[in-house]
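Numbers here simply count residues along the sequence, with the first being 1. These numbers come from a predicted model, not from an experiment.
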Amino acid sequence: MSVSTRCYSTFIFLFILYTLSSQVSTQWGPDSYIRIEEGSGGFIATLDAGDRFGRDHDAIGDVNGDGIIDLVIGARSDDDGQTDAGAVYILFMNSDGTVKSNQKISALEGGFNENLSGSNFFGYGVAGIGDYNDDDIPDIAVTSGSNNAALYIIHLNTDGTVKDYVKNSNISSQGLSAIGDINNDGKIDLVVCDPNSDIGGMNRGAIHIIFLDESSQIMENNTVTIASGTNGFEGVLDNNDRFGGREVAMVGDLDGDGSIEMAVAAFQSNGGIGAIWIISLDPTDYRVISQIKITESLNGFDDTLSTSTNPNGTSGAQFGHALCNTGDLNGDGISDLFTGANQQGLGDAYILYLNSDKTVKTYAKIDESEGGFDLEFDAGDEERFSRSISYVGDLRGDGSIAINVGGGVGVGGTGTMYLLFFKPCEFDQIEGLNFWSSGNTLFSNWNHGTQMVIGEPLSFEQCTFKSFETNAPYFTYNEADGRCICKDSTATLAMSTESSTAYINECQNPNSTNNQDIDLNSLASIYPNPTSSLISIKLPEDSFYDQGFLEVYSVDGRLLHTRKITSSLTDVDLSDYENGIYLLVLTLEQISQSYRVFKHE
């Protein structure tokens with residue numbers, strides 16, 4: 001047997017031996033992305049510089065009946081009819097994340113027939129609201145700003161054109177979010193974000209929880225406004241904090257006390273650094289019953305945020321500018337939050353892994369150099385990646401999730417969308433204290449000479465992202481000191497004396513027997529088991545036995561016997577072995593399967 005083959009089969013044995021009692025957790029990590037902009041990702045449209053395509057966006061369900069989730073995208077500075085009159089696009093999607101076709105809705109297109117004047121900014125906020133008029137076609141909500149402050153409930157046709165609409169006037173908004181049916185009346189409820197509100201002080205900001213009736217009109221007496229000092233909100237807001245941000249995110253009942261948790265941004269607080277408030281709402285009257293603030297060095301978020309002056313004249317990272325609920329990405333049973341700091345560098349996105357007490361457990365950063373997506377931004381542009389964020393869901397129908405992230409607003413920019421796909425991966429923790437030795441190191445924050453972490457210690461979630469970034473199948477993690485060492489497939493297991501633990505990333509594991517084309521369990525028959533002497537391995541006559549081999553291991557990992565498979569029936573004599581348990585490893589075409597064999601007298 002060749003050295004490479006023996007190394008491969010030795011790994012298979014170790015994998016089998018240790019995962020008999022290993023712990024398995026599921027983490028969601030980067031898979032791929034689709035860039036959607038004029039002429040890219042299947043999006044065919046004529047956009048002008050400064051249209052702000054992607055200013056806001058949301059999933060709206062299956063409009064055209066092809067079984068695939070469709071999207072609504074705002075372009076609030078489109079010039080159809082008048083300068084900055086605004087527009088929205090209905091994007092009919094393919095399951096791979098590209099655009100099949102699109103329909104524009106503006107003063108001139110899509111059957112809208114609304115008189116939009118200059119600086120109306122139609123499309124400033126958009127949201128998918130389900131089927132509001134009971135015609136089995138999803139509908140959308142759209143806000144406009146400036147001199148036409150309004151909320152439109154637009155009922156769609158299956159081709160994305162406007163069937164009819166209801167205009168709710170005097171709604172001041174720079175953002176919009178669908179928050180689910182929190183009052184249980186069968187209709188999706190909305191939050192209108194007004195970061196320029198002067199309630200309690202200049203530009204301190206506000207959100208308005210609104211409910212609509214059967215005619216798609218706002219029930220004004222039911223509206224709940226949350227701002228500085230109103231409806232139970234006792235958080236300290238300063239002038240120009242711009243509480244409300246561009247959208248809010250419902251994150252469920254994090255602490256299990258029956259209240260509803262909502263994440264709300266204040267993206268210019270702390271001098272422009274930005275912050276996110278997690279507010280708990282009473283489930284009956286939606287007043288705030290508690291709140292905590294998340295920002296740099298507060299309540300678990302420990303990344304350093306920018307304080308520099310930005311190209312648009314503002315200051316700071318603007319952490320929390322946009323956000324969405326991602327569901328539970330690290331398998332701890334608690335919903336997590338996707339947000340960003342769109343004025344930090346070319347824009348950073350963050351996954352905030354939350355604790356049940358609404359603080360941040362840890363985070364992962366995604367940008368052009370981190371996060372495992374290998375994003376490519378346009379050189380010289382003010383990208384502002386993460387300026388808008390929305391949750392799409394399982395667009396591909398394969399168990400992955402998609403999150404839409406906006407950017408591309410720099411000089412000459414028309415607007416860009418990045419559809420990020422995250423896949424679930426199993427991480428197998430090898431039982432006991434072990435580490436991956438030898439092999440090639442793909443990433444390490446550990447200095448073996450000083451026995452200290454280089455830079456900041458990493459959390460387990462951050463270490464899993466490093467394994468994604470480097471395509472590492474194996475990594476060692478030490479919770480006590482935050483060391484993270486990622487290795488390639490040539491690494492071998494060794495016992496740790498420093499409380500480290502070895503893990504296998506099954507999404508990167510080239511030796512994984514998961515999802516293979518050949519099912520060895522259905523091909524091979526192993527008998528008799530238990531046995532006192534011979535054990536027989538029978539394969540079909542047309543099997544690949546001319547390319548396979550057998551190995552027998554003791555339970556302490558010693559290779560006791562190996563042989564090539566030369567026929568459909570192979571016998572192994574165990575009569576000279578001591579009574580006990582042995583592992584028989586069958587390998588065909590680099591796919592291995594283990595069998596526990598019992599030897600007795």
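The pair Glu376-Arg35 does not meet the salt-bridge criterion, since no charged nitrogen lies less than 4.0 angstrom from a carboxylate oxygen. A salt bridge is defined here as a Lys NZ or Arg NE, NH1 or NH2 lying under 4.0 Å from an Asp or Glu carboxylate O, and Asp31 with Arg396 meets this definition. Taking 4.0 Å as the cut-off between side-chain N and carboxylate O, Arg563 and Glu551 do not count as a salt-bridged pair.
Side chain of Gln462 to main chain of Tyr363: a donor-acceptor pair is present (N/O by atom type, distance under 3.5 Å, no hydrogens or angles). Here the side chain of Asp336 pairs a donor or acceptor atom with the backbone of Leu354 at under 3.5 angstrom. With hydrogens and angles disregarded, no donor-acceptor distance shorter than 3.5 Å links the side chain of Ser386 to the backbone of Gly347. The backbone N or O of Asn440 lies less than 3.5 Å from a partner atom in the side chain of Asp488, making a donor-acceptor pair. With hydrogens and angles disregarded, no donor-acceptor distance shorter than 3.5 Å links the side chain of Thr441 to the backbone of Phe443.
In this structure, Phe385 has its ring center no closer than 6.0 Å to that of Tyr33. When ring centroids are compared, Tyr553 and Tyr582 stay outside the 6.0 Å threshold. Aromatic pair Phe421/Phe373: centroids not less than 6.0 angstrom apart. For Tyr474 and Tyr503, the ring centers are positioned 6.0 Å apart or more.
Looking at Thr501 and Gln429, their side chains never bring a donor and an acceptor atom within 3.5 Å of each other. No hydrogens or angles considered: nothing links the side chains of Asn404 and Tyr418 as a donor-acceptor pair under 3.5 Å.
Taking the six-membered ring for Trp and thresholds of 30 and 60 degrees, Tyr477 and Phe460 have ring planes more than 60 degrees apart, a perpendicular arrangement.
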Mind running side-chain contact (heavy atoms from CB on, under 4.5 Å) on His448 and Ile485 for me, showing each step along the way?
CA-CA 11 Å; His448 289 281; Ile485 305 169; 4.2 Å; yes
Before you tell me yes or no, could you show the steps for Lys599 and Glu578 under side-chain contact (heavy atoms from CB on, under 4.5 Å), namely the whole-Å CA-CA distance, both residues' side-chain angles and the distance that decides it to 0.1 Å?
CA-CA 7 Å; Lys599 163 67 168 50; Glu578 295 181 359; over 6 Å; no
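The SG atoms of Cys463 and Cys484 lie less than 2.5 Å from each other.
Both the sub-6.0 Å distance and the 45° axial angle are not jointly satisfied by Lys361 relative to the ring of Tyr353.
Checked options Asn325, Leu329, Asp328, Thr326; the residue passing with Ser335 is Asn325 (criterion: side chain to side chain contact (heavy atoms under 4.5 Å, CB included)).
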